[in-house]
Amino acid sequence: MIQKLIRRILNKKSAASGKATILPLRKHGITRDRISPCALKVCEELRAQRFAAFVVGGAVRDLVLGAEPKDYDVATDATPEQVRDVFRRSRIIGRRFRIVHVMCGRETIEVTTFRGQAAPVNGEDDEAEEGDDHRKSDSGRLLRDNVFGSQFEDAARRDFTVNALYYDPTTQEVWDYLNGMADLKRGVMRIIGDAETRYREDPVRMLRAVRLAAKLGFKLDAATQKPIRALAGLLQDVPKSRLFDEMLKLFHSGHALASAHRIREEGLHHGVLPLLDVILEQPMGERFITLALKSTDERVNAGKPVSPAFLFATLVWHEVLTRWQHYQTQDMRPLQALDEAMDDVIQTQVENLAIPRRYTAGMREIWGMQPRFLQRAGQRPFRLVENLKFRAGFDFLLLRCESGELDAQVGQWWERFQHASDEERNRMLIKDEAPARKRRRRGGKKPSAVESAAE
Ligand code: ATP
Ligand code: MG
């Protein structure tokens, strides 16, 4: 008890004075051989040149928890130029805060020089002005952060205590300035410094808090959680490309479902995916999204690729569906109504939610294929299975069936059809379907894009 108290006081003191608690191997369990060969090489070669070099950030956190890190970051006291001089295959990137990418084989390690004072706002180089090293916007957002610092300062400008641990592969020690190890062991996400100030500097930290807590199964410390709801609106000011990257990380984390729920619990979705709210309120939509995120998580955890276009197509599908039904009640033919619905939804998404335009073509293809699954006569089904995007369209169809939106037998039919012989396929055709073509001939109207694509 008393020992614990003394340790706590000592730890507090070390944090304030900028001294690290140095933890030996038995306290963290990260042996050198668990580090990626490239990160190991980078650290060793920098050390050989008498620079400090540590693996830092999410990699150390994940290794302590026994998980495989997604990527490795190395922090050093060498300047970017000095780092570049040590490694033949390396280049300096970034304008606002220059970092060095060191390549070994297919792996790239991000090497950063210890950074001083406040934290970075990645991806906002355009807003930064030269010679202005700690500029803040009116809301307190950090626009520029370009100062080298000590290792302690580097730790203090990171986001969460569990992300501020430094591992030295040479000695197999972990340097802990901010009691990160204790939080890691207790499963607590704690922001470094004053939560509100840190969120104002960079609102994306709120999303990171929720994403990482969901990924790690951690609790948010009370002070870290408290300001989130009130400050959620600040996410509106974050450059959309950065928000999109963060959302992609979230959805590809293998914990998309848990993250989406936590985003909603914390009231953060208004700034990120406003439609998530609308969708989750609809009974059918909620089931669909839940299934989609669950299957995304399963794919990620099985090491399979996940296509962003498919993912975003699922996220806003019920919005498309609602608009589609709406246009059909206005006497529009089904395929043209779908076209209009897709236009509406994509426009809102691209404008407000930063789904980059490069994914919208893929989303349209998946949606546009859906009515064609209900045309099971003539040559159409034969052509559909040959479509390069058939697999994506079919997976999407299965989600619709599973969520109760469509009769399960439609999915089963296509499952059988795609694997059947030509003879069997001919026997399977369902004559009464494919109304679109007949109706168009009678009406004589110009075909919509979806109809043309369906030909
Ligand atoms: P992931 O598992 O998603 O890679 P991560 O914590 O490693 O999680 P990265 O984006 O790879 O996330 O960032 C590496 C490290 O950089 C973090 O662990 C943290 O120390 C620091 N960092 C990242 N983003 C911020 C931020 N917005 N503010 C302060 N520090 C940050
Ligand atoms: Mg990382």
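Numbering of ligands and ligand atoms starts at 1, following listing order. Not measured: the values here are computed from a predicted model.
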Against heavy atoms of [X], which atoms of ligand 1 measure under 4.0 Å?
| X | answer |
| --- | --- |
| R211 | 3 (O) |
| D202 | 26 (C), 27 (N) |
| G57 | 18 (O) |

Self-check item: G58, any N or O under 3.5 Å of ligand 1 N or O
Solution: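 Such a contact does occur with ligand 1.
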
Quiz prompt | Heteroatom proximity flag, R208 to ligand 1, N/O under 3.5 Å | solution =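 So ligand 1 has an N or O lying under 3.5 Å from an N or O of R208.
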
Self-check item: From the candidates R198, E246, K215, the one that places a heavy atom nearest atom 2 (O) of ligand 1
Solution: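 Looking at heavy atoms only, the winner is K215.
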
Self-check item: Option set R61, R242, K70, criterion heavy-atom distance to atom 3 (O) of ligand 1, minimum
Solution: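 When every heavy atom of R61, R242, K70 is considered, K70 comes closest to atom 3 (O) of ligand 1.
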
Quiz prompt | Test of ring centre spacing under 6.0 Å for F244 and F312 | solution =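 Ring centroids of F244 and F312 are less than 6.0 Å from each other.
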
Quiz item: Do the ring centers of F288 and F396 come within less than 6.0 Å of each other?
Solution: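 Close enough - the centres of the two rings lie under 6.0 Å apart.
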
Quiz item: With backbone taken as N, CA, C and O and side chain as the heavy atoms from C-beta onward, which portion of D71 lies under 4.0 Å from ligand 1: side chain, backbone, both, or neither?
Solution: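 D71 to ligand 1: side-chain contact only, backbone stays beyond 4.0 Å.
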
Practice problem: Of the side chain and backbone of R158, name the one, both, or neither that has a heavy atom under 4.0 Å from an atom of ligand 1. | Solution: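 Both backbone and side chain.
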
Exercise. Consider only side-chain N and O atoms of E405 and W317, and report whether a donor and an acceptor are under 3.5 Å apart.
Key: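 Indeed, the side chains of E405 and W317 share at least one donor-acceptor pair under 3.5 Å.
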
Practice problem: Starting from the Mg ion (ligand 2), look over the N/O/S atoms of D71 and name the nearest one. | Solution: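 Restricting D71 to its N, O and S atoms, the minimum distance to the Mg ion (ligand 2) goes to OD1.
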
Quiz item: Is D73 in contact with ligand 1, taking contact as a heavy-atom separation below 4.0 Å?
Solution: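 Contact present.
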
Quiz item: Is the closest basic N to carboxylate O distance between E298 and K294 below 4.0 Å?
Solution: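 No.
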
